[in-house]
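Because the structure is predicted, anything quoted here is derived from the model rather than measured.
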Amino acid sequence: MTATPAISLPPGSRLPRSVQGLLYLTGRRRMMRRSRRRLGPVFTLNLPVIGPAVFVGDPVLARQVFAAGPSVAGKAEPNLGALLGPGSLFSLDDEPHRRRRQLLSPLFHGKRMREYEALIEREYADEAATWPENTEFSILPATVRITLNTILRAVFGADGEELAALRRLMPTLGEAGSRLAAGGAIGFGRGRSARTRLDSLRSEYDALIAKLISRALADPRLADRGDILALLLRNHYEDGEPMSHSEIADELATLLTAGNETSANTLAWTLERLRRHPDALARLVEDLNAGNDEVLQHTIWEVQRVRPVIGTVSRQVKAPSLALGEWVIPRGHRIIVSIALIHGDEAVYPDPEAFDPDRFRGSRPDLMSWLPYGGGNRRCIGSDFAETEMKVVLRCLLRDFELLPATATGERMRDRGIAYMPGKGGRVALRRRQFSPERGTAR
C-alpha cells in the first residue's frame, strides 16, 4: 500500500485572512509582486471564501499544474461559470468539458477564420469613419464596439431588433458580472442588489436568445447558414445528442462577454504601447507596407506578454494531493497560476518590463511561459478568432491612419475585476494617411 505523502504548503503571509482578502481585492498584481519578493515564486495566500490558495509564478511548476489533467487538477470553484451559466465551458470539467470542446473547436479554427476577416474589416471601417483626426481620444470604447459587433454578426449572421438590444445589453451585463466576480471570488461585494441586477440583466439576455433560437429553427435556410448559432443548432456530440437551448445560451454568453472584452482591451493596449515606442511602430508599419505580418504577430505577442488582460489561471486539486515541486498540495486547495508573474520572470524574459516585439523574432512563444489564453486542457478555445480579429483591425488601422506618438507616461493597468484595461482607455491621436491613386500606397 502506497503511503499518502505529507502535506507541505509553500510559505505564506501571516496577515489575517480578512486583511489578505482586502489587499488582494484592492490590488491583485501589487500583492502578488510583493509576495513574490518576500516569499519566492511560489507562495500561499489565505483568502476569504477561497481559503488557502497556492500562487505559482514559476513556469516549470505552471507546466506541471497544466499537465496534471482534470482528474488531478480540475476547474476551480467558484469560477466564471457561476455568472455565465451551467452550460458554459467554464462550468464543465473532465469528460463533459472534453466533449464540449470537441464540439465547439471547429467553429474557431481553420478556414472559418478566413471567412471572418471580411466581417471584421467591415466593422472596423464603420467605426473608423467616426474617428477624429489630430485629437486625442480613448480608443477602448471603439475597440469594444468593433469586437462586440464582429462576434454578434459571426454568431447570428444578420442584424435585427434583438441584435440591437444585445448590442446595448452585453457591455452592461459584462461590467455587472466583472464587478460581482471581483468581490464575490474573495468574499466581498456579494450584496443582494448586485446579484439581483445581474440576474435581471441575464433574464433579459436569455429572453433575447430564446427569440433568436426560435427564429433560426423556423428558418427554412437553416441547413445552409454558416453563422455560429446555426452551426450550434445543427451540431451533435459523437453519440448524436444535440446541445440543449440553455447550453447554447450559456456558450453564447461566454462568447459575447469573455471573448469580446479580452480582444478589445488587447487592441487598446497595443495602440497605447506603440504610441510610446515610435521605433517599434515604424518597423511595424514598414513591414505591413511590404505585405508582411511577421512584425505584427510579434507585436501582438509582446503586448499580450507585457500587458496581459487576464491576470491568473486557476485550478483546484481534485485528487487526494498534488505534488508541486517540493510541496504537496491537498485536495480542495486552489492553485492560481499568475500570468503576470511568469510574464515578468527575468529568467524567461530578459528585461521583462521593456516592450520589445523583437524578443519573439525567429521563435514562437512557449505556451507554458506565455499564457494570455491560459494553459492546458482549458486554454481559451477562441484564441485563433482573437488573433485574427486583432491582426485585421491593426493592419487596417495602420494602413489608414498614422498613429501619432505620445509624450505622456504609459497608462496604468486598471483592474475591472476580471480583465485589466488601460487606465485612460488607451488614449490615441490619429492622422488619416494620404493615398497615391497611381501607386495605391499611403504617403
Side-chain angles (χ1 to χ4, degrees), residues 28-30 32-33 36 57 59 136-140 143 261-289 292-312 338-367 369-373 383 386-387 389-395 397-399 401-416 419-430:
R28 290 181 291 164
R29 287 172 60 89
R30 181 171 59 249
M32 285 189 286
R33 287 182 174 181
R36 177 174 184 152
E136 195 171 72
F137 67 100
S138 297
I139 196 70
L140 183 58
T143 60
E261 186 168 29
T262 51
S263 297
N265 277 289
T266 301
L267 282 167
W269 274 123
T270 302
L271 298 169
E272 187 275 345
R273 290 289 80 200
L274 287 172
R275 287 192 76 197
R276 288 156 179 82
H277 296 85
D279 290 344
L281 174 60
R283 290 196 302 275
L284 171 56
V285 171
E286 181 181 7
D287 197 56
L288 288 172
N289 286 343
N292 301 320
D293 266 4
E294 183 179 11
V295 177
L296 176 60
Q297 180 67 84
H298 297 166
T299 300
I300 292 171
W301 285 341
E302 177 66 350
V303 171
Q304 291 175 309
R305 183 198 68 81
V306 78
R307 293 292 186 271
V309 173
I310 303 300
T312 58
S338 172
I339 297 172
L341 290 183
I342 291 175
H343 285 191
D345 188 337
E346 290 186 358
V348 182
Y349 299 106
D351 195 9
E353 295 301 316
F355 176 70
D356 180 16
D358 286 346
R359 73 172 74 242
F360 291 109
R361 182 184 292 178
S363 65
R364 297 182 62 84
D366 178 351
L367 297 185
S369 58
W370 181 85
L371 301 166
Y373 300 112
S383 59
E387 293 269 336
E389 195 168 40
M390 290 186 285
K391 284 182 179 179
V392 171
V393 172
L394 291 168
R395 187 189 305 123
L397 188 152
L398 295 173
R399 175 199 64 198
F401 294 93
E402 180 184 354
L403 181 62
L404 304 182
T407 56
T409 57
E411 297 182 30
R412 296 192 175 194
M413 300 185 77
R414 178 182 165 196
D415 188 351
R416 287 194 69 235
Y420 288 97
M421 61 177 285
K424 297 181 179 179
R427 303 287 291 178
V428 301
L430 303 170

Rounded to the nearest 0.5 Å, how far apart are CG of L271 and OG of S138? 12.0 Å

Minimum heavy-atom distance between A268 and G425, given as atom pair plus value: CB-O, 4.4 Å

Sub-4.5 Å side-chain heavy-atom contact between D293 and D287: no

So, taking the atom named CD1 in I300 and the one named OG1 in T266, what distance separates them when rounded to the nearest 0.5 Å? 9.0 Å

Side-chain heavy atoms of D351 within contact of D356, under 4.5 Å: no

Set out, in order, the CA-CA distance, both residues' side-chain angles and the distance that settles side-chain contact (heavy atoms from CB on, under 4.5 Å) for L394 and L267, then state yes or no. CA-CA 8 Å; L394 291 168; L267 282 167; 3.7 Å; yes

With a 3.5 Å distance limit and no angle check, can you tell me whether R412 reaches the backbone of G423 through a side-chain donor-acceptor pair? no

Test side-chain contact (heavy atoms from CB on, under 4.5 Å) on L397 and L430; report intermediate values, then the result. CA-CA 9 Å; L397 188 152; L430 303 170; 4.3 Å; yes

Can you check whether W370 reaches V348 side chain to side chain, under 4.5 Å on heavy atoms? no

Please report the shortest heavy-atom distance between P357 and H298, naming the atom on each side. O-CB, 3.4 Å

Minimum heavy-atom separation for N265 to A419, with atom names? ND2-CB, 4.4 Å

I want to check something: taking the side chain as every heavy atom from C-beta on, are R307 and P422 in contact at a cut-off of under 4.5 Å? no

With the side chain counted from C-beta on, respond yes when E272 and K424 share a heavy-atom pair under 4.5 Å apart, and no when they do not. no

Atom OH of Y373 and atom CD1 of I310: how far apart are they, to the nearest 0.5 Å? 11.0 Å

Measure from the side-chain N and O atoms of R275 to the backbone N and O of L404, and report whether any donor-acceptor pair falls under 3.5 Å. yes

Is there a donor-acceptor pair closer than 3.5 Å between any side-chain N or O of W269 and the backbone N or O of Y420? yes

Is the Lys NZ or Arg CZ of R359 less than 6.0 Å from the centre of Y349's six-membered ring, within 45° of the axis? no

Gap separating the OG1 atom of T312 from the CE atom of M32, nearest 0.5 angstrom: 6.0 Å

Check whether N292 reaches the backbone of E294 with its side chain - one donor and one acceptor, N or O, closer than 3.5 Å. no

Ionic contact status for D415 with R30, cut-off 4.0 Å: no

For a quick test of reading the model, state the closest non-hydrogen atom pair linking A280 to L274 and the distance between them. C-CD2, 4.4 Å

Heavy-atom closest pair, residues R395 and L288: CG-CD2, 4.2 Å

Flag, side chain of R305 to backbone of P352, donor-acceptor distance under 3.5 Å: yes

Is any side-chain heavy atom of L398 closer than 4.5 Å to a side-chain heavy atom of L281? yes

With a 3.5 Å distance limit and no angle check, can you tell me whether R36 reaches the backbone of G57 through a side-chain donor-acceptor pair? yes

Between G410 and R273, the two heavy atoms sitting closest are CA-NH2, 3.6 Å

Assess the residue pair V393 and T143 against the criterion (side-chain contact (heavy atoms from CB on, under 4.5 Å)); give the C-alpha distance rounded to whole Å, side-chain angles, the decisive distance to 0.1 Å, and a yes or no. CA-CA 9 Å; V393 172; T143 60; 5.6 Å; no

Can you list the steps and then say if F355 with R276 is a side-chain contact (heavy atoms from CB on, under 4.5 Å)? CA-CA 10 Å; F355 176 70; R276 288 156 179 82; over 6 Å; no

Value rounded to 0.5 Å, distance of CD in Q297 from CG in L284: 11.5 Å

Indicate yes or no: at least one non-hydrogen side-chain atom of E302 is less than 4.5 angstrom from one of H277. no

Side-chain contact test, heavy atoms from C-beta onward, threshold under 4.5 Å: evaluate it for M390 versus Q304 and give yes or no. yes

